[in-house]
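Contents: one structure, followed by commentary.
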Protein chains: 2
Amino acid sequence: MTPKKITINDVADHAGVSVTTVSLVVSGKGRISPQTAARVQQAIQALGYVPNRQAVTLRGGRSGVIGLIVRDVCDPFYAEVTAGLSEVLEAQARVLFLTQSGREGLGSLRAAESLLKQGVDGIVLAGNLLHGPDVRQRAAAAGVPLVCAARANALEGMDLVRPDNQLAARLATGHLVAEGHKQIAYIGGAGHSLTRAERLGGFCATLLQYGLPFRPEWMVESGVHRHGMAAKVEALLRRYPQITALVCHDAAVTLGAYFGVLNAGRNVGGQALEGLYSPQVALAGFGEDADDALAELPLTRVSAAGREVGRSAAERLLQRIDNPDATPQQWVVAPVLIARAPG
Amino acid sequence: MTPKKITINDVADHAGVSVTTVSLVVSGKGRISPQTAARVQQAIQALGYVPNRQAVTLRGGRSGVIGLIVRDVCDPFYAEVTAGLSEVLEAQARVLFLTQSGREGLGSLRAAESLLKQGVDGIVLAGNLLHGPDVRQRAAAAGVPLVCAARANALEGMDLVRPDNQLAARLATGHLVAEGHKQIAYIGGAGHSLTRAERLGGFCATLLQYGLPFRPEWMVESGVHRHGMAAKVEALLRRYPQITALVCHDAAVTLGAYFGVLNAGRNVGGQALEGLYSPQVALAGFGEDADDALAELPLTRVSAAGREVGRSAAERLLQRIDNPDATPQQWVVAPVLIARAPG
DNA sequence: GTGAAAGCGCTAACAT
DNA sequence: ATGTTAGCGCTTTCAC
């Protein structure tokens, strides 16, 4: 059934050389004569030889495997991160171990444990940075490099790749301002969210920069479950009819806001109209590219570029693998503005 | 830096026995005296011994690793499948290799190749069944079990886990019928989609079962990009005002349909009103649990239960690993209806 | 019941 | 420039 596994010995026999020679040819290390090298290559082709990873690793080489600890692959942002990571690693002929720490998962630390047991060359911790220090300690003890990828800022002293939430908010807000809006509210996000805090920073900074008002009452929290945003937005707009634009924290909030606008008797659109009061309310929202359910809505979106975060995390980890003693760095990935024709 | 790796030899020394004994105790195989076993266990605890996977695998044991080939982890359905798979495997102290075949990935076959090189115990092919036969052949040649997990039916002769699209459509349609709707249209999906075909089967069957009309003009395709569904739905409703309910193919289509209903001067709601013409139009849609952006809409959703598909695929693969010669089976996973209070 | 020893496939000294 | 050989950590006959 299973075809006889062909090993380095078979190749050596077939080429009439020793295993050392074959090994040297494969790794391109020693000085081997062109003729011999050619004969060996030919034997490799003929037999379809593929080096056995476990043997290499056992002997002390690299396993070629990277471990990923992610809270929940179903979260669109982290799904993008995972995809980006996987892309880069595949291009390097490496593979990715996936473990989940959240939901039904076994927790970051246990995940790390099981990855280390498998002999990974490096670990990416995506989200769940609460247990970051524990994981770092464990990885350090095993001499395995660790890189974090998260939605918001966190620990010092660790390699971390994250989106630029502040810039994202500046882009979104700036876009609305450029369209002529002067009364802008921020909708959604849980009060304790670090991501929200960073975005609010960019939001306020942009308003200040243009001399526009920002009022605490115009920053509406959503609970974690994001229920009833439509009602909250409707109430906001009825109370402050001068508001002409909303920055929305995520896809669910955006949709809620959309209905809130309609329920308040206003329309959703882009360009701010003349005069103080406009029946139009413009929307800008954050979200991943994969959140395409909202693609048809007339709104401007800013993506946190999760895929790019994943790619960068992979790059950084590969660097760390080659150079374990490098100083930890924070990499910030620029967001992407996807403007929508007003309408 | 790196703490000395402790091996089976260290344990043997510490316990004053031979490596054979330690191995036997760990695997629980040979007949070892309780005293010796206890001493060994104690040594294992004391030293924190963890068997080296590569050594075990090299020696001929199982690697404890399962490979997953998925087209795109960012697709909500396959993200759920991945999560379900990962859950089950983690519970079994196994780990999951993730490879992507689509997008920037290297194609199913190359992914399979790289998984086999890593010595996986089994492979799950999720989606992209076009290349299923190739992958199967390759896996079979390596003596590695293969299980497919896909959104729709496909090849014969392979183990396959998939959602019950037909039942899903029956649930959605039946729900609308139970609410009193008699004129129901099906919106969205690409014409060549197998999933759509299966759902349409369930849709039509349900209508027939209740003696309700089904008309080809009431089955509106969306392109692959799902643009302009709002306009299509508006046109449909204006042309056939007797329609009171829509079954929507996915989240994006549902949202488009929602606006189509509004644009047609109708409202979205649940209960069918008296009389032939109702201003209300009810919506039922398909989607994963993770598609929660639409959670606030007053509509009934049917989930394909991707997570459960993943779990089942894992179960089946574990069976195949224990019993490689079993006959291929098709497993069908029941969908989940999430009813919404009509509003 | 327990131990000695032979490899699994590979790499890296150390010869030659 | 190429070959010999000693392990990496483990399981598994086969002795005792």
Side-chain angles (χ1 to χ4, degrees), chain A residues 2-44 47-65 116-121 142-143, chain B residues 2-44 47-65 116-121 142-143:
Chain A
T2 306
K4 192 190 153 303
K5 261 292 178 192
I6 76 108
T7 78
I8 198 172
N9 289 292
D10 303 327
V11 178
D13 287 354
H14 189 98
V17 297
S18 78
V19 290
T20 307
T21 308
V22 177
S23 178
L24 259 26
V25 168
V26 169
S27 63
K29 280 185 176 169
R31 328 130 279 249
I32 301 291
S33 77
Q35 305 96 309
T36 321
R39 267 222 318 292
V40 171
Q41 289 292 6
Q42 197 178 331
I44 289 176
L47 300 180
Y49 166 68
V50 174
N52 180 317
R53 277 292 186 151
Q54 4 277 348
V56 175
T57 310
L58 179 56
R59 191 66 220 319
R62 299 252 135 264
S63 65
V65 177
L116 291 172
K117 190 182 308 183
Q118 298 292 334
V120 295
D121 293 341
Chain B
T2 307
K4 194 189 153 303
K5 262 292 178 194
I6 78 106
T7 79
I8 198 172
N9 289 291
D10 302 327
V11 177
D13 288 354
H14 189 98
V17 296
S18 77
V19 292
T20 309
T21 307
V22 177
S23 177
L24 259 28
V25 169
V26 169
S27 65
K29 281 186 175 167
R31 329 125 283 245
I32 301 291
S33 78
Q35 304 96 308
T36 322
R39 264 220 321 291
V40 171
Q41 289 291 6
Q42 197 178 330
I44 290 177
L47 301 179
Y49 167 67
V50 174
N52 179 317
R53 276 287 188 172
Q54 3 276 350
V56 175
T57 310
L58 179 56
R59 191 62 226 298
R62 298 252 135 265
S63 66
V65 178
L116 291 171
K117 189 183 309 186
Q118 297 292 335
V120 296
D121 293 343

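Every chain is numbered from 1 and lettered A, B, ... according to where its sequence line falls, protein lines coming before strand lines.
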Are any of the side-chain heavy atoms of [X] and [Y] separated by less than 4.5 Å?
X	Y	value
A:Q118	A:V65	no
A:I32	A:T21	yes
B:T36	B:V25	no

Once you round it to whole Å, what is the distance between [atom2] of [N] and [atom1] of [X]?
X	N	atom1	atom2	result
B:L58	D:dT12	CG	P	13 Å
A:R62	C:dA12	CZ	C1'	16 Å
B:K29	C:dG1	NZ	C1'	17 Å
B:D10	D:dC8	CG	P	11 Å
A:I32	C:dA12	CD1	P	13 Å
A:D13	D:dG3	CG	P	11 Å
A:Q54	C:dT11	CD	P	13 Å
A:Q35	D:dT2	CD	C1'	13 Å

Options [options], nucleotide nearest the side-chain atoms of [X]:
X	options	answer
A:N52	C:dT11, C:dT2, C:dG9	C:dG9
A:Y49	D:dT4, C:dG9, C:dC10	C:dC10
B:I8	D:dT4, D:dC10, C:dT11	D:dC10
B:A55	D:dC10, C:dT2, D:dA1	D:dC10
A:T36	D:dT2, D:dC10, D:dA6	D:dT2
B:V17	C:dG3, D:dT4, C:dC10	C:dG3
B:T21	D:dG3, C:dG3, C:dG9	C:dG3

Checklist line | Partner of A:V19 under side-chain contact (heavy atoms from CB on, under 4.5 Å), chosen from A:D13, A:V11, A:D10, A:N9 | finding: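 That would be A:N9; it is the only one of A:D13, A:V11, A:D10, A:N9 passing the side-chain contact (heavy atoms from CB on, under 4.5 Å) with A:V19.
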Next item on the list: Assign A:L24 to base, sugar-phosphate, or nothing according to its heavy-atom contacts below 4.0 angstrom with the strands shown.
Entry: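 Since no nucleic acid heavy atom lies under 4.0 Å of A:L24, the category is nothing.
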Next item on the list: Describe the nucleic acid contact of B:T7 in one word from base, sugar-phosphate, nothing, applying a heavy-atom distance below 4.0 Å.
Entry: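 Sugar-phosphate contact only - B:T7 comes under 4.0 Å of backbone atoms but never of a base.
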Checklist line | Phosphate-side-chain proximity, A:S33 and D:dT2, N/O vs OP1/OP2 below 4.0 Å | finding: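 For A:S33, the contact criterion (side-chain N or O under 4.0 Å from OP1 or OP2 of D:dT2) is met.
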Item checked: Side-chain N,O (A:S23) to OP1/OP2 (C:dA12) below 4.0 Å ->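 The answer is no; no side-chain N or O of A:S23 sits under 4.0 Å from OP1 or OP2.
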Checklist line | Presence of donor-acceptor pair under 3.5 Å, side chain of B:T20 and base of C:dA4 | finding: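 Counting by modelled atom types and ignoring angles, a donor-acceptor contact under 3.5 Å is found here.
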Margin query: Is it true that B:T20 and B:S23 share a donor-acceptor pair across their side chains at a distance under 3.5 Å?
Written below: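 Result is no, nothing qualifies.
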